[in-house]
Amino acid sequence: MKLAFSQEMKRMDDLAVKRFKFTVARLIERAGAAAVQVLAQKAGPLGGKTIGIVCGKGHNGGDGLAAARLLKKKGSAPLVVLACGPKDLNPEAAKQYQKAKAAGVRAMDISKAGGLSAAREALFKCDLLMDALLGTGLSRPSQGLTRDLIGIMNRTGKPILALDTPSGFSVDQGRALGSAVHADFTVTFGLLKPGFYMPGAGAFTGKVTLAPIGFPPELLAADFLSSELTDADLVRGILPRYDQDIHKGSRGRVLVVAGSLGLTGAAALSAWGAQRVGAGLVTVACAKSLLPILASKLTEAMTAPLPEVGGGFLSKKAATKILELGQKVDALVIGPGLGRHPETAKLLAEILPKMSKPLVLDADALFLLSGQEKWMRRLEAPLLLTPHSGEAGRLLGVSADEVDRNRLKIAKQIAREYNGVAVLKGPHTVIARASGAIRINPSGSRALATGGTGDVLSGILGGLLAQGLAPFDAAAAGVYLHGLAGERAAEMLGPDGLLAGDLLPILPQLLKQIRE
C-alpha cells in the first residue's frame with residue numbers, strides 16, 4: 001500500500017484538480033463527509049451532541065467546516081471555533097464557512113477581544129471535539145493562538161477526532177513539532193502517511209482510519225509516491241515460487257560468516273533463519289576453535305573453519321578462505337556475533353571490496369565498519385545493512401536518540417551514504433534504498449525484544465537474497481515475515497519470555513499461508 005509524504009499529498013491534490021477535473025471543493029466536501037462518518041463510528045449516535053470543531057484558515061479548516069454543516073443536518077449541535085477572522089480564511093475554506101453559516105452552524109472568532117477565553121469555556125462544555133486546525137503541510141512548531149487552541153483541546157479531556165493528522169504532528173517526521181493534539185482517533189484522507197508508523201506516533205494519532213475521498217487509482221499508485229506500507233499482497237508478489245523439480249542447489253546457497261567466543265548462538269540462529277525461509281544450502285564459516293560447538297548445533301548446515309586470533313576471533317588470514325567460499329554461494333551474511341577484535345576489522349576491509357555477491361551486514365560487522373562510508377561506496381556487492389538505533393547512530397556519528405527522532409530521514413541517509421539498502425530495525429522497521437524510496441513494516445510484537453531475534457532476521461534476509469530477490473524486496477519480505485512470526489509466536493506462547501528460536505518453526509507455515 002502506498003504512503004504519502006506531505007508534499008506528495010499536495011501533488012496528488014493538485015493533479016486531481018488539473019488532470020482529473022476534480023475541484024478543491026469536491027475534495028473538501030468528501031473529506032468532511034468522511035470525518036462525520038468516522039466520528040459516528042467511533043463515538044456512537046451524534047444527534048443532540050455538542051461537537052466542537054476547531055478550524056484553521058486552510059483546507060484542513062475547510063474540511064472541518066464542511067463536517068460542521070453535515071453534522072448540523074444530522075441533528076448535532078456543532079460549534080465552530082475559528083483560529084482566525086473569517087476574512088483570513090483561504091478562498092476554499094471561506095466558501096465552506098459561508099455554507100456552514102447559512103446552515104445555521106454557530107461559529108466563534110477567537111481573533112476578537114476575549115475570544116480565546118470564550119472559546120475555552122465553550123470547548124470544555126462540548127461532548128466531542130474535531131481537530132481541523134493544521135493539516136499535513138506542517139513544517140514548524142505552532143505559535144500564538146494556534147498553540148493555545150492545541151493546549152485547550154488537550155486539556156478538555158473530551159474525545160478528539162483529528163482530521164487528516166493531529167495538529168502539530170508532522171506526518172513526514174513522525175513526531176510532534178512543539179505542541180500537538182493528542183487525538184483519540186484520526187481520519188486521514190486518500191492515503192496513509194509515513195509518520196503514523198513511527199515510535200510514539202500513536203500517542204498523538206490514536207486509532208487511525210483511512211478514508212478514501214475519490215482519488216483515481218492512477219493517483220493512488222503514482223510513481224512519485226516514494227514510500228509503501230508492506231503488506232501480505234506485496235510479499236506474495238515478491239516471494240519466489242518453485243515447481244516440483246526443484247533441488248537444494250537451485251534454492252539458493254548462503255554463507256554465514258559469524259560467531260566468536262561466547263557468541264556462537266548468533267551464528268546458529270542466523271543459519272537457521274536462512275534455512276527456515278527456504279534457502280537450499282547454508283554454510284557457517286567461523287573461527288577454527290568454535291567449530292566443534294557450531295557443528296554440534298547445526299546438524300542441517302555445513303561449517304567451515306577459519307584462521308583466528310585471540311582465542312575465537314577471525315584473523316585477517318581468513319580472507320583467502322572466505323573469498324573462496326563466497327564465490328560458491330548466492331548470498332552472504334556477515335556479522336552476527338562476530339566480535340569486535342581489531343584484526344577482524346582488518347579482515348572486513350580486506351574482503352568486502354573484493355566481493356560481488358549480495359551481502360547482508362549485521363551486528364558486529366556494522367560496529368567494525370562504522371565511519372567507513374567512503375570506501376563502502378565503492379563496494380561492488382549489492383548491500384543490505386541492518387542496524388538498530390544505536391548501530392545506526394554509530395554509522396552516522398549521531399546519538400541513538402537522534403535516530404529515534406528522525407527514523408525516516410536516518411534510514412534514507414544510511415542507504416545513501418553506504419550505497420545500499422538500509423533496514424533500520426525497531427517498531428515499524430524502516431527500509432530505505434539509496435534512491436530515497438522507503439518501505440515501512442507494520443508487523444511485529446513486543447515479544448521480539450529479546451536477544452537473538454535480530455540474528456534470525458539477518459539469516460532470513462540472506463536466505464531470500466540467495467533465492468534471487470533484490471535487496472529492497474528481500475528486506476521488505478524478510479522483515480514482514482520476521483515480524484509476523486513474532487506475532488504468531490506471541491499468540492501461541494505469550495508475549496513475554498519468547499526465545500528467538502521460537503520464531504523458526506513458524507516461518508515455513510507463514511510462507512505457505514502467504515503464497516496461498
Hey, is NZ on K288 packed in by over 12 heavy atoms from elsewhere, all under 6.0 Å? no

Nearest-0.5 Å distance that lies between atom NE2 in H482 and atom CG in L503: 5.5 Å

Using a 6.0 Å distance limit plus a 45 degree cone around the ring axis, check whether K412 lies over the aromatic ring of F5. yes

Electrostatic pair D473-R433, nearest N-O below 4.0 angstrom: no

From CG (L255) to CD1 (I322), nearest 0.5 Å: 7.5 Å

Can you tell me if Q275 uses its side chain to pair, donor with acceptor, with the backbone of E300 under 3.5 Å? yes

Mark yes or no for whether R251, through its side chain, and G280, through its backbone, hold a donor-acceptor pair below 3.5 Å. no

Gap separating the CG atom of L352 from the CG atom of L347, nearest 0.5 angstrom: 8.0 Å

Tell me whether S167 contacts the main-chain N or O of L134 through its side chain, where contact means a donor paired with an acceptor under 3.5 Å. yes

To the nearest 0.5 angstrom, please state how far the CG atom of L219 sits from the CE atom of M12. 5.0 Å

Would you check if the side chain of R394 reaches a backbone N or O of F367 as a donor-acceptor pair within less than 3.5 Å? no

Any donor-acceptor pair under 3.5 Å linking the side-chain atoms of T165 with those of T136? no

Salt bridge between D172 and K409, side-chain N to carboxylate O under 4.0 Å? no

Would you mind checking if K10 and D13 are paired as a salt bridge, meaning a charged N to carboxylate O distance below 4.0 Å? no

Would you check if the side chain of R175 reaches a backbone N or O of R405 as a donor-acceptor pair within less than 3.5 Å? yes

Donor-acceptor pair, H59 side chain versus G62 backbone, under 3.5 Å? no

Can you tell me how far the CD atom of Q467 sits from the OH atom of Y242, to the nearest 0.5 Å? 3.5 Å

Has the side chain of R253 got a donor or acceptor atom that lies under 3.5 Å from a matching backbone atom of D330? no

Main-chain N/O of L263 paired to S260 side chain as donor or acceptor, under 3.5 Å: no

Is a donor on one side and an acceptor on the other found under 3.5 Å between the side chain of H182 and the backbone of F204? no

For K316, is there an ion pair with E343 - N to carboxylate O distance below 4.0 angstrom? no

Donor on one side chain, acceptor on other, S443 and E487, under 3.5 Å: no

Rounded to the nearest 0.5 angstrom, the CZ-CZ distance for F189 and F215 is 10.0 Å

